[in-house]
Peer 1: 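Below you will find the structure I want to go over with you.
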Amino acid sequence: MSAPVFFRRACTPTLAEIVEWTGATAPAGAELSTVITSVAPLDLAGTGALTFLDNPRYAPMVAATRASACLVPAKFAAIVPAGTVALIATEPYRSIAVILAKLYPDALRPSSIFGTEGISPGAFIHPEARIEAGVTIDPGAVIGPRAEIGSGTTIGANSVVGPDVRIGRSCSIGPQSTILNALIGNQVIIHPGVRIGQDGFGFAMSARGHLKVPQIGRVVIQDDVEIGANSAIDRGSNRDTIIGEGTKIDNLVQIAHNVVIGRHCVIVSQGGISGSTTLGDFAVTGGQAGLTGHLTIGTGAQIGAQAGVMADVPAGARVVGSPAQPVRDLFKQTAILKRLARGEWNKPGANAPVEEKN
């Protein structure tokens, strides 16, 4: 069986072009006409490959790399082997992202499964839908009445775009996604299996039973948002659920009705944000973090993995644990518990304050 090539290289740049794209600094006398044919990890890179070091944890692997060139911070340049050109970059990971986008542009977002452009004869498009020129719609997709889709957008196979939905330009909607009751901006990436705009979880609960509350709001997704596979975003109950510009949402995330997420937030996989909670710009929630409803998470706040957040979090704060608390508080409590478990608490001097480390 031949090895499949899922992403074909668009170009074979020289090191001179790499330097131009990234602003990296090459050592004096480096052979900048060397052609780069691939990007690979430190331990797998060979002749013609470009590699990089961003996380210091992998610094011991640099000395053994056989790559033609390596993007590194200045402090690690000295450990790059003689046969590898050390390209000094202030942000190697960001630089490698720029290079990968140039080499493999098809990997930036989901594209047509058929690798074609235009509207497939197997798509089902309501005559009242408005489709701009340059839209690609794959087989099995359903576009409802009065829906509008902007130019350069791709709708994946078997996806559903509901009545009156608006999707902007240069978006990518992955296969098997459903988009209902939503307004979507430009350059939005929605990965396969995403559910947007379905009912929020709203019931008037009582001893007589749980009465369903009609959810009459919308989902508003601003420009440059990316939503990972199989995530769900519920429409608002009586106001909108809003995802701010540039926000990145991982796979398997649940966002409830009336949630407002600010600009450039990061929501990591398997997290859940309950109804009417607001996140400020640049907030981050770690994997499996859970936020109860009606909270305010401040600008730039960071919520650790598996945290259970039951109270507001101030701007810039870092909280962990369940119930979530400031990082330093948790470390203090953990240190005290360890001392108790070892039977040290009643020893002389054991009650001295726990030293904090910055």
Side-chain angles (χ1 to χ4, degrees), residues 144 146-150 159-168 171-174 177-204 212-285 288-299 301 303 309-310 312-313:
R146 300 173 304 282
E148 298 183 6
I149 302 174
S159 291
V160 175
V161 177
D164 300 297
V165 165
R166 303 290 188 268
I167 298 176
C171 295
S172 181
I173 312 300
S177 298
T178 57
I179 302 175
L180 309 170
N181 310 295
L183 308 178
I184 295 177
N186 300 321
Q187 292 95 44
V188 171
I189 297 174
I190 295 173
H191 288 276
V194 169
R195 308 294 178 221
I196 294 173
Q198 60 283 336
D199 274 12
F201 192 67
F203 297 89
K212 186 176 181 65
V213 178
Q215 307 287 292
I216 59 172
R218 308 173 298 180
V219 175
V220 177
I221 297 176
Q222 296 177 357
D223 295 349
D224 297 310
V225 168
E226 184 161 352
I227 303 170
N230 294 314
S231 290
I233 303 175
D234 296 341
R235 69 177 182 265
S237 57
N238 54 10
R239 62 177 73 233
D240 293 336
T241 301
I242 300 174
I243 312 297
E245 175 187 0
T247 284
K248 311 304 178 188
I249 299 172
D250 203 352
N251 302 335
L252 297 168
V253 169
Q254 160 64 18
I255 296 174
H257 60 196
N258 301 346
V259 166
V260 176
I261 296 178
R263 298 176 304 115
H264 305 291
C265 294
V266 174
I267 315 296
V268 182
S269 65
Q270 299 184 6
I273 303 176
S274 298
S276 301
T277 284
T278 298
L279 276 67
D281 297 345
F282 292 95
V284 176
T285 69
Q288 297 186 338
L291 284 63
T292 60
H294 307 278
L295 300 181
T296 298
I297 309 301
T299 297
I303 296 170
V309 183
M310 305 179 202
D312 292 347
V313 177

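Positions are given from 1, in the same order as the sequence printed here. Model, not experiment: these values are computed from the prediction.
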Peer 1: To check you understand the geometry: which heavy-atom pair defines the closest contact between Gly298 and Ala283, and what is its length?
Peer 2: O-CB, 4.1 Å
Peer 1: Just verifying a value: how many Å separate Leu279 CG and Ile261 CD1, rounded to the nearest 0.5 Å?
Peer 2: 5.5 Å
Peer 1: Measure the CG-CG distance between Leu291 and Asp312 for me, rounded to the nearest 0.5 Å.
Peer 2: 10.5 Å
Peer 1: So, for Gly293 and Ser274, which heavy atoms are closest and what is the spacing to 0.1 Å?
Peer 2: N-CB, 3.3 Å
Peer 1: Could you tell me if the side chain of Asn181 sits less than 4.5 Å from the side chain of Gln215, heavy atoms only?
Peer 2: no
Peer 1: Minimum heavy-atom separation for Gly174 and Ser159, please, with both atom names.
Peer 2: O-OG, 2.7 Å
Peer 1: Does His294 offer a backbone N or O that forms a donor-acceptor pair with the side chain of Ser276 under 3.5 Å?
Peer 2: no
Peer 1: Does anything in residues 246-256 form a side-chain hydrogen bond (donor to acceptor under 3.5 Å, both in side chains)? List the pairs, not counting sequence neighbours.
Peer 2: Asp234-Gln254
Peer 1: Is any NZ, NE, NH1 or NH2 atom of the basic residue among Arg263 and Glu245 found under 4.0 Å from an Asp or Glu carboxylate oxygen of the other?
Peer 2: no
Peer 1: Can you name the nearest heavy-atom pair linking Gly275 to Ala256, along with the distance?
Peer 2: N-CB, 3.5 Å
Peer 1: On a heavy-atom basis, which atom in Ala301 and which in Val313 lie closest, and how many Å separate them?
Peer 2: CB-CG1, 3.8 Å
Peer 1: From Ile267 CD1 over to Ile303 CD1, what is the distance, rounded to the nearest 0.5 angstrom?
Peer 2: 8.0 Å
Peer 1: Would you check, one step at a time, whether the test side chain to side chain contact (heavy atoms under 4.5 Å, CB included) holds for Arg235 with Leu180?
Peer 2: CA-CA 9 Å; Arg235 69 177 182 265; Leu180 309 170; 5.7 Å; no
Peer 1: Please round to the nearest 0.5 Å and tell me the distance separating atom CD1 of Ile273 and atom CG of Asn258.
Peer 2: 13.0 Å
Peer 1: Should Ile184 and Ile190 be marked as a side chain to side chain contact (heavy atoms under 4.5 Å, CB included) after you check the CA-CA gap, both sets of side-chain angles, and the distance that decides it?
Peer 2: CA-CA 10 Å; Ile184 295 177; Ile190 295 173; 3.8 Å; yes
Peer 1: Quick one: does any side-chain atom of Glu148 pair with a main-chain N or O of Arg146 as donor and acceptor, under 3.5 Å?
Peer 2: no
Peer 1: Given Ile249 and Ile255, is the side chain to side chain contact (heavy atoms under 4.5 Å, CB included) satisfied, shown in steps?
Peer 2: CA-CA 10 Å; Ile249 299 172; Ile255 296 174; 3.6 Å; yes
Peer 1: Just by modelled atom types, is the Phe282 backbone N or O under 3.5 Å from a matching donor or acceptor in the Thr299 side chain?
Peer 2: no
Peer 1: Heavy atoms only: give me the nearest Thr178-Arg195 pair and the separation to one decimal.
Peer 2: OG1-CD, 3.0 Å
Peer 1: Hey, is CZ on Arg239 packed in by over 12 heavy atoms from elsewhere, all under 6.0 Å?
Peer 2: no
Peer 1: Listing request: all ring-ring contact (aromatic ring centres under 6.0 Å, His included) pairs with a residue in residues 221-261, at least two apart in sequence or in separate chains.
Peer 2: none
Peer 1: If you measure from NE2 on His191 to CD on Glu226, what distance do you get to the nearest 0.5 Å?
Peer 2: 3.5 Å
Peer 1: Test His264 against Asp224 for side chain to side chain contact (heavy atoms under 4.5 Å, CB included), laying out the working first.
Peer 2: CA-CA 9 Å; His264 305 291; Asp224 297 310; over 6 Å; no
Peer 1: Drop me the distance from Ile179's CD1 to Ile227's CD1, to the nearest 0.5 angstrom.
Peer 2: 8.0 Å
Peer 1: Would you check if Leu183 and Asp240 make a side-chain contact, meaning some heavy-atom pair closer than 4.5 Å?
Peer 2: no
Peer 1: Main chain of Val220, side chain of Thr241: is a donor-acceptor contact present, judged purely on distance under 3.5 Å?
Peer 2: no
